[in-house]
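See structure below.
Within every chain, numbering begins at 1; the chains are lettered A, B, ... in the order of the sequence lines, protein sequences first and strands thereafter. Bear in mind the structure is a predicted one, so any value in this text is a computation, not a measurement.
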Number of protein chains: 4
Amino acid sequence: MPAKEDKRSRILKAAVKVFAQRGFYNAKVSEIAKNASIADGTIYLYFKNKDEILISIFEEEMAKFISKVRKEIESEPDIKSKLRIFVKTHLNFVEKNPKLAQVFQLELRQSNKFIKEYAGSKLKEYLNVAGDIIEEGQRHGIIRKDIPPGLIKRALFGSLDEVATHWVLMKNGKYDLGKSAEQIADIFINGIAKT
Amino acid sequence: MPAKEDKRSRILKAAVKVFAQRGFYNAKVSEIAKNASIADGTIYLYFKNKDEILISIFEEEMAKFISKVRKEIESEPDIKSKLRIFVKTHLNFVEKNPKLAQVFQLELRQSNKFIKEYAGSKLKEYLNVAGDIIEEGQRHGIIRKDIPPGLIKRALFGSLDEVATHWVLMKNGKYDLGKSAEQIADIFINGIAKT
Amino acid sequence: MPAKEDKRSRILKAAVKVFAQRGFYNAKVSEIAKNASIADGTIYLYFKNKDEILISIFEEEMAKFISKVRKEIESEPDIKSKLRIFVKTHLNFVEKNPKLAQVFQLELRQSNKFIKEYAGSKLKEYLNVAGDIIEEGQRHGIIRKDIPPGLIKRALFGSLDEVATHWVLMKNGKYDLGKSAEQIADIFINGIAKT
Amino acid sequence: MPAKEDKRSRILKAAVKVFAQRGFYNAKVSEIAKNASIADGTIYLYFKNKDEILISIFEEEMAKFISKVRKEIESEPDIKSKLRIFVKTHLNFVEKNPKLAQVFQLELRQSNKFIKEYAGSKLKEYLNVAGDIIEEGQRHGIIRKDIPPGLIKRALFGSLDEVATHWVLMKNGKYDLGKSAEQIADIFINGIAKT
DNA sequence: GATGAATGAGCGTTCATTCAT
DNA sequence: AATGAATGAACGCTCATTCAT
């Protein structure tokens, strides 16, 4: 059923564009429909409501991204480089997908449904990619054990997220996210290294 | 000016309560007015619009908080303890002001005006409290100089912010923010220390 | 507060006009507002929703009509003439208020809320005006006692209602409701007389 | 034609069920289709639109009912018993077909098309069954001639209709329609008898 | 004939904001 | 300054109906 899948992705693609352009609340469903070259009502054959479009964008892009990150990490020889790659892949994704980044960093958080009702399983899964590396590092005696991995992964994610948001708000141009990635990786790798 | 100031703060106090209870978008101006025991229209004598109430809450609470943080830091003898106190004060504030924390961590970000138009001078000022400590540390040769203080302060803030948001979403109970503060401080102090 | 009362009745008057013209479901709230020379939203200061406008028309017109009927009956000397006057007043009201009659006979019954949720206390009250006459007649030995007044009043009302509806659908012109009133009164008075 | 006829009646049967359950306006065509185990679009091969389904139910059930009433009356020896049987058959039908009665008494009247456009030939035909008895009675000098049969039949129908509606709204249980039928017949037979 | 995916018109209601008093 | 009645813009969503297959 390729036609159906095709229509569904056209909606999502159009939604990313419109959300990034207008913001989630100002984005009109009818504008998304027009951008996807379908009728307004058709959207509701694929998504329950406007919030669900937003959440689907997140879930599906995150799913793709998570498996990408996993693949990148896999081939790294040690804990530290895994962590470094995790950080670099995160900020590289932001840099390469500015529209999507705007949706992830800004629009997503305007939806009550997303923030307060959506459990955020994809987010948890992503955080656990980092969490798993950290736990492994702790088992191997490379990472200090007196800080819970749950806190470390969250602190790391917070740093990346904040830097990403700032980059989006600065309209991209300003700084080099690749460099920042290296530096954030440095901070955390040194910060949590077993001494 | 006491009467006016009084009414103004009653509005802000009522707004924090209603925003925390209902969320920014679901909060009705009329409900804030009722909570402040004034007429709907009166609110517009003190604030330009609903977003301005939110922004004013942020600005005024941040002003108080910033000067508190500054005072706390002042008395600390060295860079590292200044940084540690910065972190602890941040998370302690969250823990002691759950309603305000909910507004800061969640509701504030639902306002397009806040995110996209409000330059966030108070936020910058707050970040610079950390930035100043870091710069001082770099000048004193205690903190590595190869990472821009602008990035460090943002990374640190991001970590604190993410942990705070998680705490708010978990409905507070779960974990000990005091302990987390120590651990985040540890990570960053070690992470940016000159080796 | 005459201004407020005035606005409320302007809405009701406009609603009768628009409901009669377009039917309940096709009537747009905005058209009612325009006819009443007020803003759309103002309607919702006076009525909870569109159905409530319809129900209010019914309740308020019925209240006026019921007290009119009661007054007419009061002055009649005996049971039979009371019953006759009841019938005549009913059909006379229909004849003199064609727009309202259209709303009562046709539009009202298109509202699910009216039919299925609204208890219809005013309708009950009206039926009881007839019911009371009948009970009195039974007590006085003028009306046969082997038929419950509850059935008689309903049968009588049904006859009047059906004739009224037919008259509305025939666009009024056709027949003389005054004559019909006399004849229906005849049927019922003879039909329920104690023999 | 059996397959087609079969599908058509399945739709009508499903529609009665769904209309009685949800009301005409809340009934979804797709739900009728699901109940009839056919595709949504198939309904439009048999009926022009949703209103036509409703009207068809009415017409077809009325056709069956009218011929039933005619048969019942035929075997009656005199005018009065014919009239009595007419009344009893009417209310007996209601009592024996509660779902259909709900559709006839309540849902049918919510359709603008039915009320205002559908001439109601089946209704006329049914009324004329009573009208014919009455005219015959007038010719035979049994029924008073000073009331037009057109009014009598309508008054009688109104009584039956109102009692039926009340019975439906009371959710059936309450009263004995058989008894009511006798009493209504009494009222009218006495009421229109030549004196 | 049968399907069911696609269409797109249609509108009640909310609520931030204004402004006459 | 304070009031609160009045305003009116704004739009997501449903669902009867169509039509390509």
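Checking E/dT17 for Watson-Crick or G-U wobble geometry (two distances, each under 3.5 Å) identifies F/dA6 as its partner.
With distances taken from any side-chain atom of B/Val29 to the nucleotides E/dT17, E/dG4, E/dG12, the minimum falls on E/dT17. Closest to the side chain of B/Lys50, out of F/dA9, F/dT7, E/dT17, is E/dT17. Nearest nucleotide to the D/Leu45 side chain, out of F/dC11, E/dG8, E/dA2: E/dA2.
Put simply, CD1 on B/Ile11 is 11 Å from C1' on F/dA2, counting in whole angstrom units. Rounding to whole angstrom units, CG of residue B/Asn112 and C1' of F/dA10 are separated by 16 Å. When the P atom of F/dA1 is taken as reference, atom CG of B/Asp40 falls 17 Å away, rounded to whole Å.
Residue-to-nucleotide proximity on DNA chain E shows that, of A/Ile38 and B/Asn26, the 5′-proximal contact is made by A/Ile38. When the nearest nucleotides of DNA chain F are assigned to A/Tyr25 and C/Gly41 by heavy-atom distance, the more 5′-ward of the two goes with C/Gly41. Taking for each of A/Tyr44 and C/Ser37 the nucleotide of DNA chain F with the nearest heavy atom, the 5'-most of the two is the partner of C/Ser37.
Rounded to the nearest 0.5 angstrom, B/Leu108 CG and B/Gln110 CD are separated by 10.0 Å.
A cation-pi arrangement is present between A/Lys50 and A/Phe24, with the terminal nitrogen or guanidinium carbon under 6.0 Å from the aromatic centre and inside a 45° cone about the axis.
Contact annotation: A/Lys7 side-chain N/O to E/dA6 OP1/OP2 distance is under 4.0 Å.
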